[in-house]
Number of protein chains: 4
Amino acid sequence: MGKIKAIVDAAQILFAEKGYENTPVSDIAKAAGVAGGTVIYHFKNKENLLFIVTWRVHYSLFKATLKSLTPARSGLDAALSFVAAFFEYLRKRAGEFQLILKNTAYDTLDVNAFPNADLKLMHLRYLRLLQEGLERGIEDGSVRACDPMSVSHVIYAMLIGAARLHLSHGEDLENLAAESMAFVRARLENPAPALA
Amino acid sequence: MGKIKAIVDAAQILFAEKGYENTPVSDIAKAAGVAGGTVIYHFKNKENLLFIVTWRVHYSLFKATLKSLTPARSGLDAALSFVAAFFEYLRKRAGEFQLILKNTAYDTLDVNAFPNADLKLMHLRYLRLLQEGLERGIEDGSVRACDPMSVSHVIYAMLIGAARLHLSHGEDLENLAAESMAFVRARLENPAPALA
Amino acid sequence: MGKIKAIVDAAQILFAEKGYENTPVSDIAKAAGVAGGTVIYHFKNKENLLFIVTWRVHYSLFKATLKSLTPARSGLDAALSFVAAFFEYLRKRAGEFQLILKNTAYDTLDVNAFPNADLKLMHLRYLRLLQEGLERGIEDGSVRACDPMSVSHVIYAMLIGAARLHLSHGEDLENLAAESMAFVRARLENPAPALA
Amino acid sequence: MGKIKAIVDAAQILFAEKGYENTPVSDIAKAAGVAGGTVIYHFKNKENLLFIVTWRVHYSLFKATLKSLTPARSGLDAALSFVAAFFEYLRKRAGEFQLILKNTAYDTLDVNAFPNADLKLMHLRYLRLLQEGLERGIEDGSVRACDPMSVSHVIYAMLIGAARLHLSHGEDLENLAAESMAFVRARLENPAPALA
DNA sequence: CATGAATGAGCCTTCATTCAT
DNA sequence: CATGAATGAAGGCTCATTCAT
């Protein structure tokens, strides 16, 4: 029965559009075509639903990025395509991303409690993709020496900040994408690449 | 009478800590030491209070940044001290900043409607500080050729994203500050400065 | 489940006794033996309840009158028994009638909007009963020539005014009934009936 | 200082337009051009204001009717001009009259308590005008034998009912006036006037 | 006299959650 | 599994009234 999926899908859309607090469970039920009690029946409470939906979006971003990364030649390429993948995702699934920005799952929930730890884990796996690229780049000489952890954090900050500027302030996505790329390249590109 | 100020202060703290929707007006009243009706009496409704509080924080960030910028020698210096000012503010007034991140004044309110337009205006004045630095830097040769608008947007994205990483994910602020500085410097610094 | 009926019954009594604005929804719930939220759950809002209750009383008066009218011999008889039925109703269901007098459904609601149009319709059907009697009376010679529409309006005005005098001012109902009858008879009775 | 008058005037208009319960004291103050506290300061509470305003309208109707009655030749003339005066008042001061219909001063207040007894008194003096006409008419032979008290009550019922039909249901005032007159004349006119 | 800031009780409504069916 | 009637706590807001100035 597709009811569970219908509920999660509906919740994702509504949470993204109006935010968690402004989305009554009854609206989710209506949008999913099920009875009011059914949502709670399956998910025990509304917060669980937020967690699941949030996790799904994180996972989806992770998967999409993973796919784009595969054929990266150098470490620098990997890092740059990580950035590109982010904007590609934003371009195609703005709605889904809105969810991450608008909701405070990270804040209100105890991140150390199960199952929220899963959420953090997913996020770490996602960042890991970037860090691996950076590490590879440092090794293969395409990226200048730096601390991959810190750099990955700031790149991620830039991306999520750009998403906010686009989704909330209406800034042009393509400008943000191009300029972000320029920032990353300027910071990473090794001016003195390793000799062959 | 300090009652209005007490309400705004209380609202700022509570909105920042728990978010707008999770802060009952009655809690604000209690924290401000006034009766329940007093909050609405002065601000007509809860949303107004959010607007005022948000504006105040934006203004405060603007003012703090303006102060730090004054003695900048070159345009590059100005831009870098803009970034430094941001982290300085975050360091000292993390709570206040939380408000901007956690609340969706920009999303739920019609930004073009008065008085929300004021909010946008304040934000633009703030960004203008950075843009002026960039323009000056391009002119005085300390900053390489670029589009000040786009660059300022991405820098702002990076800053606000870093704030999120720090405040919500608990990332170390000093690492983020240092690395952000490195990004900005890498992107801006003119490799071929104008001759003397 | 009799809960809906219990709510409507309770609302009818309370609206009639204390008026719409002076009857908290919570009182209705209490009187109906249900939880506070149940009233709104079923009727969406308080005003709906007023409409439904008002309609029910109008309908009940219509039905009661219709029943009394059936065996009328002449048109004059029909008109007179219309009047008698009104006072009979007032005698037996004073409380219910109070509702019509004390509440301003007609004033505050847009009578032309659905479903308030239903209310007007019900009222017109009720008045129609009187008009038909008058028309029949003019035809069969028991009623003198007159405009049935205007006459029905004034008779209705007299009746509702009498109800007000009785219910609000405490005037004796039987005096009002007898004298009203005398007025109607004096105005309608044909002094020169048709020849046999 | 005209402040008290301004308040009473404003209250009259607002009570008539929106009803007592739906008129905040603050609106009255605003309309009267005084501060919020001033209304209560002068009238102690809102209910007093309703009483005063209601009394004023009753008095005004009484005065207007008294004026129209003066030159009545016969008792029947007096009664008929009483009715005419009512419609004349309704024609010219519909707003003021609305107040009597829409508000429940008579119901919610204890009519026997001072000062509400004054209201009843005013009403009785008004009705007395009609009763005197009827008594005179019976004496001078222009009105057929009847109980002046009962007849006056039903005439008053008819008038106030007609006002309701006009003000709330939108029925045409002139039709109501003409037909009401016909009813009164039919009931009162002596078919066999006293011989000279 | 008059003000208007301040109060706090009370109102209508929302909504996550429960539970009998 | 699923439903939806029912709940009741909580929320935002209104408003008559008070009172220091």
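A note on names: the letters A, B, ... follow the listed sequences, proteins ahead of strands, and every chain is numbered from 1. In what follows, every heavy atom counts, from backbone to side chain, and hydrogens, waters and symmetry copies are set aside.
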- Please state whether the phosphate of dA2(F), meaning OP1 or OP2, lies under 4.0 angstrom from any side-chain nitrogen or oxygen of His42(A). yes
**OP:** Scan Val34(C) against the nucleic acid and name what it touches under 4.0 Å (heavy atoms): base, sugar-phosphate only, or nothing.
**Re:** sugar-phosphate
Polar side-chain atom of Lys18(D) near backbone of Pro24(D) as donor-acceptor pair, under 3.5 Å: no
From the list Ile13(B), Val53(B), Ile28(B), side-chain contact (heavy atoms from CB on, under 4.5 Å) with Val8(B) holds only for Val53(B)
Across all chains, not counting sequence neighbours, the side-chain contact (heavy atoms from CB on, under 4.5 Å) partners of Ala31(B) are Ala10(B), Leu14(B)
note: Leu49(C), atom CG; dC11(E), atom C1'; distance rounded to Å ~ 15 Å
Closest of dT3(E), dT7(F), dT7(E) to the Thr38(D) side chain is dT3(E)
Under 3.5 Å, N/O pairs linking protein and nucleotides 16-18 of chain F:
residue	atom	partner	partner atom	Å
dA16(F)	OP1	Lys46(D)	NZ	2.9
dA16(F)	OP2	Val25(D)	N	2.6
dT17(F)	OP2	Lys46(D)	N	3.0

note: Ile28(A), atom CD1; dG4(F), atom P; distance rounded to Å ~ 17 Å
Sorted by chain and number, sequence neighbours left out, side-chain hydrogen bond (donor to acceptor under 3.5 Å, both in side chains) with Lys30(B) holds for none
Asp27(B) atom CG is separated from dA10(F) atom C1', nearest whole Å, by 11 Å
Whole-Å distance, Ile7(C) CD1 to dA5(F) C1', equals 11 Å
Under 3.5 Å, which donor-acceptor pairs do the side chains of residues 37-45 of chain D form with other protein atoms, sequence neighbours left out?
residue	atom	partner	partner atom	Å
Thr38(D)	OG1	Ala35(D)	O	3.3
Asn45(D)	OD1	Glu47(D)	N	3.2
Asn45(D)	OD1	Asn48(D)	N	3.0

If only atom types and distance count, is the side chain of Asp27(A) paired as donor or acceptor with the main-chain N or O of Thr23(A) below 3.5 Å? no
Listed range with range, the stems formed with DNA chain E by at least 3 consecutive Watson-Crick or G-U pairs (under 3.5 Å) are E:2-21 with F:2-21
The side-chain hydrogen bond (donor to acceptor under 3.5 Å, both in side chains) partners of Ser60(D) (sequence neighbours excluded) come to Tyr89(D), Arg93(D)
Is the phosphate of dT3(F) approached by Lys3(A) (side-chain N or O, under 4.0 Å from OP1 or OP2)? yes
Asn22(C) atom CG is separated from dC15(F) atom C1', nearest whole Å, by 14 Å
Rounded to whole Å, NZ of Lys30(A) lies from P of dG4(F) at a distance of 13 Å
Asn48(B) atom CG is separated from dG12(F) atom C1', nearest whole Å, by 13 Å
